[in-house]
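The structure displayed is predicted, hence computed values, not measured ones.
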Amino acid sequence: MVPSCSEELVVIDDNSPYSTFNISDIKIENYVNRLYIDIIGREPLDDELVIAVERLKTGGLKREIRDSLIYALMTDTTYRENEFSYKAAYIQNLYNLAKVRCIEGAGDEENVVKINVLKFGALQDSLLGNWDSYYLKLNEIRKNEAVLKSLQALYDGQITYHQIYAFMIDNAVYDVINMNTFNYVRSTFDQLVWRLPTQQEYDNSYNMIEYNLTTELFGTLGSDKKDYVRILTESNEMLEGMVIWCYQTLLSREPTAGEIVTLLPTYINTKDIKWIFAQILVTDEYANFK
């Protein structure tokens, strides 16, 4: 459901929308262009731009009008040539952003290559009777295939956006980029929590992954790498990191303490990244209307 006007007004202080009489058509066009790029990864077509600008002007740039445009770009399933729908383009853009964040934007073909190499190695292991190696390779194949399947799972609502990162940090491509446990722990914290681990967090994480010791992270016990990935990506610290990431991605700044306090409880409860996006995209700061 689209958030109400009163809910949004508390997000950022002193941010009441300006009248269209104070905003040039160029600024409104720039706002629409930016929305399309940040939400679905492309500029609007000429007719899309004209319709959106006129809609915003007719509605006096009111927040509910901005909201309706924003949510349409994230949820509309009407068929569109080359991208299937706005929703499909939005989900694809989120998927691409996750890959940029974690695996340096590696294309899906790199995962396909890794899978094929692993399948060939697993076949050789089976012929030679190297069953331990065979099952290890099958597990790696499963993790790399999960990255590719996560796009459809996100579209279908089987997972929420923060959960896609469990697949992005647990695959052969990520392991090559962040070789050894020391780099792995520091990188996952830096990318998902937006800070480095404390010494205790690092020690517990390292022992959990490297030695399969039962240790605690964020108040939850784990004893292997699979547990570490689950604990990290389901933690409130990760969700706060998602809020920070949204601000960095959309406004090129970190959120203030007040913005985090305002947004995080709702996000922890709903896990709805669309809502976080909308709270930022609707503002005059993002639209450059001030």
Side-chain angles (χ1 to χ4, degrees), residues 97-106 110-111 114 118 132-133 135-147 150 159-249 253-261 263-269 271 273 276:
L97 288 170
K99 290 197 297 180
V100 169
R101 188 175 174 187
C102 292
I103 54 178
E104 299 180 355
E110 291 192 39
N111 260 316
K114 293 285 186 184
L118 286 164
D132 286 344
S133 179
Y135 286 112
L136 284 173
K137 287 184 175 66
L138 284 188
N139 188 49
E140 290 302 312
I141 290 169
R142 178 192 60 77
K143 290 192 291 186
N144 282 274
E145 288 179 337
V147 174
S150 66
I159 60 173
T160 54
Y161 187 52
H162 78 282
Q163 292 174 318
I164 205 171
Y165 288 92
F167 307 113
M168 293 295 169
I169 66 171
D170 191 19
N171 59 80
V173 175
Y174 192 87
D175 287 342
V176 169
I177 296 171
N178 302 283
M179 300 181 73
N180 70 56
T181 303
F182 171 81
N183 289 328
Y184 183 83
V185 172
R186 288 173 62 88
S187 294
T188 51
F189 262 80
D190 186 40
Q191 291 168 344
L192 303 189
V193 187
W194 283 84
R195 64 172 174 82
L196 293 176
T198 65
Q199 189 60 52
Q200 183 176 12
E201 288 170 339
Y202 170 78
D203 290 341
N204 288 356
S205 300
Y206 187 92
N207 288 331
M208 190 186 302
I209 296 169
E210 188 73 10
Y211 302 119
N212 293 342
L213 295 178
T214 301
T215 58
E216 181 180 303
L217 179 63
F218 302 142
T220 303
L221 294 177
S223 57
D224 56 24
K225 185 177 181 180
K226 182 178 179 181
D227 284 344
Y228 172 82
V229 171
R230 173 181 55 80
I231 293 168
L232 181 66
T233 55
E234 292 298 334
S235 68
N236 287 347
E237 286 79 0
M238 161 71 178
L239 296 178
E240 181 175 346
M242 289 296 301
V243 174
I244 296 171
W245 172 78
C246 288
Y247 272 80
Q248 291 280 20
T249 301
R253 69 168 175 85
E254 290 196 9
T256 65
E259 288 165 341
I260 290 179
V261 168
L263 297 178
L264 186 56
T266 298
Y267 183 47
I268 289 174
N269 184 52
K271 313 295 191 302
I273 197 67
I276 298 294

message: Please check: side-chain N/O of Ser235 versus main-chain N/O of Leu232, any donor-acceptor pairing under 3.5 Å?
response: yes
statement: With sequence neighbours left out, the residues meeting ring-ring contact (aromatic ring centres under 6.0 Å, His included) with Tyr161 are Tyr165, Trp245
task: Measure the CG-NE2 distance between Leu192 and His162 for me, rounded to the nearest 0.5 Å.
output: 11.0 Å
field: Set of side chain to side chain donor-acceptor pair (under 3.5 Å) partners for Lys271, sequence neighbours left out
entry: none
message: Using 0.5 Å steps for rounding, measure from the CG atom of Leu118 to the CG atom of Leu138.
response: 9.5 Å
field: Those residues that, when tested against Glu210, pass side chain to side chain donor-acceptor pair (under 3.5 Å) (two or more places apart)
entry: Thr181
Side chain to side chain donor-acceptor pair (under 3.5 Å) involving Asn111 - partner list, sequence neighbours excluded: none
task: Taking the side chain as every heavy atom from C-beta outward, state whether Asn171 and Ile103 have any atom pair closer than 4.5 Å.
output: yes
task: Kindly write out the residues that satisfy side chain to side chain contact (heavy atoms under 4.5 Å, CB included) with Asp132, not counting sequence neighbours, or none if the list is empty.
output: none
statement: Hits for side chain to side chain contact (heavy atoms under 4.5 Å, CB included) against Glu104, two or more places apart or cross-chain, chain-then-number order -> Ile177
- prompt: OH of Tyr174 to OG of Ser187: how many Å apart, nearest 0.5 Å?
  reply: 4.5 Å
Please table the atom pairs, donor to acceptor, closer than 3.5 Å between any side-chain atom in residues 213-223 and protein atoms at least two apart or in another chain.
unit_1	atom_1	unit_2	atom_2	d
Thr215	OG1	Asn204	O	2.8
Ser223	OG	Asp227	OD2	3.4

Residues which pass side chain to side chain contact (heavy atoms under 4.5 Å, CB included) with Asn212, listed by chain and number, not counting sequence neighbours: Asp224
- prompt: Of all residues at least two apart in sequence or in a different chain, which pass the side chain to side chain contact (heavy atoms under 4.5 Å, CB included) check with Lys143?
  reply: Asn139, Glu140, Asp170
- prompt: How far apart are the C-alpha atoms of Tyr202 and Phe182, what are their side-chain angles, what is the distance that settles it, and do they pass the side chain to side chain contact (heavy atoms under 4.5 Å, CB included) test?
  reply: CA-CA 8 Å; Tyr202 170 78; Phe182 171 81; 3.2 Å; yes
message: Quick test of your reading: applying salt bridge (charged side-chain N to carboxylate O under 4.0 Å, His left out), list the pairs with at least one residue in residues 188-202, sequence neighbours left out, ordered by first then second residue.
response: Arg195-Glu201
Polar side chain donor-acceptor pair, Glu240 to Asn236, under 3.5 angstrom: no
task: Quick one: which residue pairs count as a salt bridge (charged side-chain N to carboxylate O under 4.0 Å, His left out) with a foot in residues 172-188, not counting sequence neighbours?
output: Asp175-Lys225
- prompt: Residues two or more places apart in sequence or in another chain: which of them pass side chain to side chain donor-acceptor pair (under 3.5 Å) with Lys114?
  reply: none
- prompt: Can you find a side-chain donor-acceptor pair between Tyr184 and Ser205 that sits under 3.5 Å?
  reply: no
